[in-house]
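Below is one structure, written out as structure tokens, with a few remarks after it.
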Amino acid sequence: MSQRFFTQTSQDLVYLDANATTPVLPRIADVVSHTMRVCFGNPSSSHITGVQAKYLLEQTRAKARQVIGAKQGDILFTSGATEGIQTAVVSTLLAKRHLATSNSVLLYGATEHKAVPNTLKHWNDVLGLGAQVLAIPVDENGLLDEQFIAEHVGRALMICTMAVNNETGVYQNLQQLEQVIREHNKDVSWMVDCVQALGKQALALSDTTIDYAPFSGHKLYAPKGIGFLYIRENSPYTPFIAGGGQESGMRSGTENLPGIAGLYELFDLLLDKTSDVFKPVETLHGYRQQLITALENTFGDITFNAPLSGTVPTTLNFCVNSLTSKEVMDLFDAAGIRVSGGSACSSGASRSFVLDAMNASDWQSENAIRMSFGPAATEQDIALACERICALKPVLANNCLIVSDAAQPEHEVCALGLTQLRHQGSCCWLYVAPNNDAVIIDPVVELVPRLVRLVSQQQLHVKAVLETHKHQDKDSARALLSTRLSLADNGDELGWPGAPISLGAQTLARIATPGHSADSHSYVLRHGEHVTACFCGDLFIFSGLGSTQFEDADTVQMAESIRTLAATLSDDSVICPAHDYEQCFALTWSAQLQATPLVQQLLNEQVSDQEFVAQKAKMDEQLITDCGALCGFSLVAKQENAQQLTVEQVQQMLEDEQHPTMVLDVREPYEHGAKDIRSLFNVNDGQLLNVPLSRLANAFFSHQLSPQTRYVLICRTGNRSGQAINNLKSLGFDNVYNLQGGLALV
Ligand code: PLP
């Protein structure tokens with residue numbers, strides 16, 4: 001299975017997400033494989049095969065002691081750090097149960113991996129301890145507040161801290177922490193999560209009073225499913241898994257000998273002074289500096305979210321000041337560079353709780369990128385990573401994502417024609433004529449920086465910034481944008497200059513279309529008499545109608561406005577509303593009519609204005625409440641399931657000369673430009689089109705797509721292409737297919 005789908009070789013891939021997991025080093029994989037095939041015995045068996053397995057197990061334990069400096073105490077093999085954390089917490093809480101009062105606390109660092117606070121809370125509840133689970137604050141450098149510890153550790157049953165943070169690489173001063181902790185409570189159980197410290201920092205655990213230290217193999221080139229736990233001599237211990245009595249009864253279950261053999265090889269490498277697999281700290285610092293230089297060269301303005309001097313050299317946490325983390329991640333992913341946004345273990349989260357705890361700004365917390373490499377990285381790995389990062393510079397410049405000193409960017413990949421810019425459910429439209437004259441309609445505050453960048457990068461002459469009405473659900477961005485673009489504001493309160501605006505061969509006129517609000521207008525773009533696009537504000541929502549629930553709304557006026565527009569529009573006029581709640585992207589007037597039977601009935605005089613008012617009120621009531629959307633409702637038909645194709649099927653289709661087939665990449669141009677994908681499908685330039693979702697409206701506007709052609713849509717995961725297929729189907733494109741799982745599975 002994996003051979004078929006996941007063919008990207010490690011040579012193609014720049015993997016900079018080592019804090020999430022690492023690939024298994026080939027020599028470790030060899031030892032694991034050998035153990036599975038040859039030295040496969042059960043350490044509990046008394047025959048020679050078992051004895052050999054037991055020997056390997058104990059040799060690995062001895063090496064673990066050396067690696068972490070544990071002369072005394074126990075080393076227990078576990079499935080990973082999470083199990084180690086459970087074991088430490090359960091052991092402590094069971095032993096200290098009798099001491100728990102309502103005044104007791106369980107302390108953990110505010111930037112700890114979620115496995116720690118969640119385990120504390122879980123077992124505190126399950127065991128009914130009723131202790132308070134309290135986060136120890138950190139300062140802006142990520143360092144634990146020692147004052148706070150001094151104040152609270154006296155009543156703590158357990159304190160959990162970490163050696164190195166997985167998101168930022170910030171390391172704590174364990175000696176200093178020990179002093180504070182032991183000065184105020186010599187008996188408290190102290191767990192230090194050492195997962196991200198192994199191989200990056202020297203450890204001498206038995207010289208400390210640390211009670212428990214969990215480790216994980218997959219963070220340092222060993223397989224997933226193996227880890228180990230250090231337990232200080234005489235610290236509380238209760239077996240977390242009971243059964244056959246393996247591991248001297250401390251953790252039952254047949255040992256994961258292949259994983260343990262992987263650790264053996266890893267420890268061997270870590271201890272071998274003659275090996276150059278693991279790089280010295282100075283070399284790693286040099287690697288990180290090379291990456292920083294490449295990032296600054298490519299993106300310009302970057303903020304580092306943790307001080308470089310207080311972090312291990314294998315981690316960089318930063319924000320590109322002008323790009324969202326989503327943009328950076330999509331760009332890196334498309335270029336075959338794997339990084340992570342915040343913590344990979346909580347990748348659904350839109351903020352970083354670690355950066356929040358460090359009191360970072362909203363922008364930093366929402367847009368952090370973590371770049372991490374392992375201590376076995378090579379000069380070549382880092383050189384390739386820097387080369388790939390630097391190769392993104394022209395891609396960014398050509399797509400207006402950074403202001404650069406590059407040559408004039410290509411119009412084709414930028415804003416010529418019609419572009420939809422979205423923020424949540426709101427849409428702003430930009431129309432650029434071939435002579436660079438432009439209008440911006442219904443700007444959104446959050447999109448102002450991007451619009452300003454687009455205008456300056458493309459050297460657009462913005463003739464007007466317009467609003468279709470005063471939007472009731474958001475602040476007007478018109479004044480802000482006009483100021484940022486240094487435009488003379490000589491229009492009315494919606495920005496209209498009073499006369500039609502000439503935009504190359506087209507003209508933009510305004511029509512009053514009250515209904516959603518008394519001041520609602522539509523702007524129609526005409527080529528001669530033919531309306532090519534209609535910016536209708538909230539009169540129409542894609543496949544629906546604007547709300548008439550506001551104070552100055554009037555449904556009878558809306559009916560009249562619909563008739564006015566219907567008399568003006570052509571079947572192929574592109575509808576450009578101010579909202580797109582259902583991810584429709586683009587519709588033509590004929591498709592819009594088909595999707596809204598009530599509008600058809602009104603225009604065919606099958607319903608009177610009164611009936612229209614009554615039915616509209618019912619729909620507003622139901623649909624707007626159901627959808628939680630403020631400005632209107634959509635009646636989008638149930639999504640049809642697009643036919644999913646494998647790469648091989650796509651290739652066959654492309655070879656079929658009877659039916660012209662195109663590959664349609666719906667990712668943004670900066671993703672499309674980040675890596676040449678023609679060879680994946682054996683296509684030539686003529687068979688590959690890039691129409692991002694933001695430019696689907698333009699594709700209809702410029703008649704770029706034809707229902708007679710077959711299209712195979714692709715994107716990163718198959719999600720955006722699925723949305724575009726729904727859109728195309730509602731516009732009468734029947735021969736549209738999706739690449740199964742997107743490029744991620746190719
Ligand atoms: N602690 C830290 C600091 C980590 O980075 C991780 C993994 O992301 C864990 C604990 C959990 O480790 P495991 O995946 O071995 O359960």
Side-chain angles (χ1 to χ4, degrees), residues 15-24 28 64 68 75-90 108-122 135-136 138 142 144 158-172 174 177 190-201 203 210 212-230 240-241 251 256 259-260 262-263 266 306 311-312 314-317 338-349 352-355 357-358 368 370-375:
Y15 184 78
L16 291 169
D17 199 13
N19 288 9
T21 197
T22 49
V24 176
I28 294 181
I68 62 168
I75 301 283
L76 195 67
F77 293 109
T78 61
S79 60
T82 304
E83 185 192 324
I85 294 166
Q86 303 303 299
T87 310
V89 168
V90 169
Y108 68 96
T111 57
E112 219 70 17
H113 187 278
K114 283 286 175 215
V116 172
N118 288 346
T119 302
L120 287 172
K121 285 173 196 161
H122 179 71
I136 309 162
V138 293
L144 288 165
M158 185 169 198
I159 176 165
C160 302
T161 64
M162 71 198 312
V164 174
N165 183 269
N166 47 308
E167 282 196 34
T168 57
V170 166
Y171 56 82
Q172 302 290 332
L174 293 178
L177 282 179
W190 181 23
M191 183 184 80
V192 179
D193 176 342
C194 289
V195 169
Q196 298 288 350
L198 191 67
K200 301 165 197 169
Q201 278 192 333
L203 294 166
I210 293 168
Y212 308 97
F215 294 86
S216 179
H218 74 101
K219 306 286 180 176
L220 199 70
Y221 307 108
K224 291 165 187 64
I226 187 70
F228 63 106
L229 175 68
Y230 160 79
F240 186 66
I241 304 177
R251 197 254 189 199
N256 171 2
I260 290 168
L263 288 184
L266 168 68
T311 52
V312 289
T314 45
T315 305
L316 264 178
N317 192 309
R338 305 286 186 258
V339 296
S340 136
S343 163
C345 301
S346 56
S347 48
S352 154
F353 73 90
V354 171
L355 294 180
M358 290 165 66
R370 179 184 70 184
M371 195 171 253
S372 52
F373 54 92

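In each ligand, atom 1 is the first atom listed, and ligand 1 is the first ligand listed.
Near Met162, with a cut-off below 4.0 Å to any heavy atom, the atoms of ligand 1 are 3 (C). Of all atoms in ligand 1, numbered sequentially from 1 with element shown, those under 4.0 Å from a heavy atom of His218 are 13 (P), 14 (O), 15 (O). Listed by number with element, the atoms of ligand 1 under 4.0 Å from a non-hydrogen atom of Gly80 are 15 (O). Numbered from 1 in the order shown, with element, the atoms of ligand 1 that lie under 4.0 Å from a heavy atom of Ser216 read 13 (P), 15 (O).
Side chains of Thr315 and Asn19: a donor on one and an acceptor on the other come within 3.5 Å. Judged by distance alone, the side chains of Thr161 and Gln172 never bring a donor and an acceptor atom under 3.5 Å apart.
Within the model, atoms CZ of Phe215 and CG of Leu203 stand 5.5 Å from one another, a figure rounded to the nearest 0.5 Å.
Shown here are the side-chain contact (heavy atoms from CB on, under 4.5 Å) partners of Ala163, two or more places apart in sequence or in another chain: Leu174, Val192, Cys194, Ala197, Gln201. For Tyr212, the side chain to side chain donor-acceptor pair (under 3.5 Å) partners two or more places apart in sequence, or in a different chain, are Thr92.
At a 4.0 Å heavy-atom cut-off, ligand 1 touches Asp193 through the side chain alone. By the criterion of a heavy-atom distance under 4.0 Å, the side chain of Lys219, and not its backbone, is placed next to ligand 1. The proximity of Ala115 to ligand 1, defined as any non-hydrogen pair under 4.0 Å, does not occur for either the backbone or the side chain.
Not one N or O of Ile85 is nearer than 3.5 Å to an N or O of ligand 1, by distance alone. Not one N or O of Asn19 is nearer than 3.5 Å to an N or O of ligand 1, by distance alone.
Figure legend: Lys114 and Phe353 shown as a cation-pi pair, the cationic atom lying under 6.0 angstrom from the six-membered ring centre and within 45 degrees of its axis.
In this structure, the side chains of Lys219 and Ser372 stay at 4.5 Å or more apart for every pair of heavy atoms.
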